[in-house]
Amino acid sequence: MESLETKSSSGYGKPPWIFRGSALYQLHLVKAEKARACIPKEFKLVEAFGYTLGGFFLASYEDSPVGVFDELVVIAGLVWNRPTSCAWATKVYVNNKEACSHGRKEVGLPSQVATFSKQTITAVSKQSESRSGFLNTIQIGSSFRNSNDQQNVQVTKIKSLDAEDTCNTSLTSPAVPALKFDHWMGPKIGMSLPSFSGGTVFNPNLLKYSCQIECRVQPVKPLKVSREFPLANVDDDKEQQSLQDYGGGSSHVNKDHKNEIQNLSTYVMLSKPILALRFNQMKMQVEAPIVLYQCSNSFETSNVSSVP
């Protein structure tokens, strides 16, 4: 990853940066005790009844300062800094090296380069499978199967290219049919999605930036998330040591930081979804971040989560 770290993100030009495409914003209930461990102590977690609001933002950009690319932002939860609450991203995956470099250096995001593979497959309902099995035993052909029992689904697989990151995630959703009329995509709205970032080895300062979004929004069925490796201690009731208690900055501590962040990202993706919104015909304008807290490198290793 050395060449990536030294690569300039000058292709982005001056802010604001404009992105066009589509996205899915899925909200999950995340245990506050898990999210709090990876959030800088300067921010207070927004929580109720032991939970905060996390989830993920999956975007496919058709046009951006660096062209076409995909992005998955894993959101640990909402954090409070007067006068507003903002999302805190624990991981960001992109399939564009320049987008990764820009996210790390300019926006303070924990960005990683990953591969995104998409395919549409035909799935058969369980009811149909059981009925088909019965029909097959009495030698009745599959041509009698009801076409309503079949459904095209889109599977997006994301795999990190970083050897230390075990991300290997599949996201499954009903395939979106071609839409002929704009009103099928939902009403046109404008919204602001403020976010905090920073506290990484590439940008130790704590930052705040704003995303202004114009799109047509449509509630959809939440994506099904699956991982292709066994999880270790992801849903264990015993919390790992709080980030604020770490000290020194040894390689052992950094490894613990990475494991904790990776486990949290996995936990967030597999936690309970409560709402999914599709953003169609999306235009997203990202403003340059402002510095909330200036931090030294030593501060980053002892108080703020680091990025592999």
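All values derive from a computational prediction rather than experimental measurement.
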Which residues satisfy the salt bridge (charged side-chain N to carboxylate O under 4.0 Å, His left out) test with K159, sequence neighbours excluded? none
Hydrogens and angles aside, do R104 and S111 bring a side-chain donor and acceptor to less than 3.5 Å of each other? no
Distance-minimising heavy-atom pair for E287 and Y209: O-CB, 3.9 Å
Is there a path of hydrophobic side-chain contacts, each under 4.5 Å between heavy atoms of I, L, V, M, F, W or Y residues, that connects L277 with F19? yes
Between Q112 and S160, is there a side-chain donor-acceptor contact under 3.5 Å, judged purely by atom types and distance? no
Heavy-atom pair with the smallest gap, counting every atom of R216 and K188: NH1-N, 3.8 Å
Just wondering, do K44 and V79 contact through their side chains at under 4.5 Å, heavy atoms? no
List for me each residue that meets ring pair (Phe, Tyr, Trp, His ring centres under 6.0 Å) alongside F56, sequence neighbours excluded, and say none if there are none. H28
Do L45 and E33 have side chains that get closer than 4.5 Å, going by heavy atoms? no
Nearest 0.5 Å please: distance from the CG atom of L53 over to the CG atom of L78. 5.0 Å
If I compare all heavy atoms of P222 with all of A276, which pair ends up nearest, and what's the gap? CA-CB, 3.7 Å
Would V217 and V73 show up in the same hydrophobic cluster when neighbours are defined by side-chain heavy atoms closer than 4.5 Å? yes
Measure up the Y12 and H102 rings against each other and bin them: parallel (under 30°), tilted (30 to 60°), perpendicular (over 60°). parallel
Is the backbone of V268 close enough, under 3.5 Å, to the side chain of S271 for a donor and an acceptor to pair up by distance? yes
Intermediate values then yes/no, side chain to side chain contact (heavy atoms under 4.5 Å, CB included), K118 and K157: CA-CA 7 Å; K118 303 174 186 179; K157 293 186 177 182; over 6 Å; no
Taking a hydrophobic cluster as the set of Ile, Leu, Val, Met, Phe, Trp and Tyr residues connected by side-chain heavy atoms closer than 4.5 Å, whether directly or through intermediates, do W80 and L29 fall within one such cluster? yes
Side-chain heavy atoms of I75 within contact of T90, under 4.5 Å: no
Side-chain heavy atoms under 4.5 angstrom apart, residues restricted to Ile, Leu, Val, Met, Phe, Trp, Tyr: same cluster for M282 and L193? yes
dist K97:NZ -> L161:CG (nearest 0.5 Å) comes out at 8.5 Å
Contact summary for F196 and L292, nearest pair of heavy atoms: CE2-CD1, 3.4 Å
Quick one: closest heavy-atom pair of W17 and P65, and the distance? CB-CG, 4.1 Å
Given side chain to side chain contact (heavy atoms under 4.5 Å, CB included), test I213 with K283 step by step and report yes or no. CA-CA 6 Å; I213 294 179; K283 175 186 176 183; over 6 Å; no
Donor-acceptor contact below 3.5 Å, side chain E98 vs main chain G11: yes
Would you check if there is a donor-acceptor pair between the side chains of Y61 and N96 at a distance under 3.5 Å? no
With a 4.5 Å heavy-atom cut-off, do I158 and T156 have their side chains touching? yes
Donor-acceptor pair, side chain of S22 and main chain of F279, under 3.5 angstrom: no
Do the side chains of M284 and V68 join up, straight or via other hydrophobic residues, at under 4.5 Å, putting them in one cluster? no
Can you check whether P40 reaches Y293 side chain to side chain, under 4.5 Å on heavy atoms? no
Could you check whether any side-chain heavy atom of N168 comes within less than 4.5 Å of a side-chain heavy atom of R227, counting everything from C-beta outward? no
Closer than 3.5 angstrom, by distance alone: can the side chain of T52 be matched with the main-chain N or O of V46 as a donor-acceptor pair? yes
Rounding to 0.5 Å, atoms CG (L109) and OG (S195) come to a distance of 8.0 Å
Please find the pair of heavy atoms, one from C295 and one from P204, that lie closest to each other, and give the distance. CB-O, 3.2 Å
Do K224 and S170 come close enough that some side-chain heavy atom pair is under 4.5 Å? no
State whether F202 and K105 meet the cation-pi test: NZ (Lys) or CZ (Arg) under 6.0 Å from the six-membered ring centroid, and within 45° of the perpendicular axis. no
Could you state the interatomic distance from OG (S64) to CZ (F69), rounded to the nearest 0.5 Å? 4.5 Å
Gap separating the NZ atom of K91 from the OG1 atom of T169, nearest 0.5 angstrom: 11.0 Å
Mark yes or no for whether N205, through its side chain, and L207, through its backbone, hold a donor-acceptor pair below 3.5 Å. no
Geometric class of the Y25/F57 ring pair [parallel <30°, tilted 30-60°, perpendicular >60°]: perpendicular
Side-chain H-bond candidate by donor/acceptor type, Q212 with S210, under 3.5 Å: yes
How long is the gap from CG on L171 to CE on M269, to the nearest 0.5 Å? 4.5 Å
Are the side chain of N95 and the backbone of D70 linked by a donor-acceptor contact shorter than 3.5 Å? yes
Just so I know, are the side chains of L223 and T172 near enough to count as touching, which here means a heavy-atom distance under 4.5 Å? no
Testing the 3.5 Å rule here: is there a donor-acceptor pair between the side chains of R278 and Q26? no
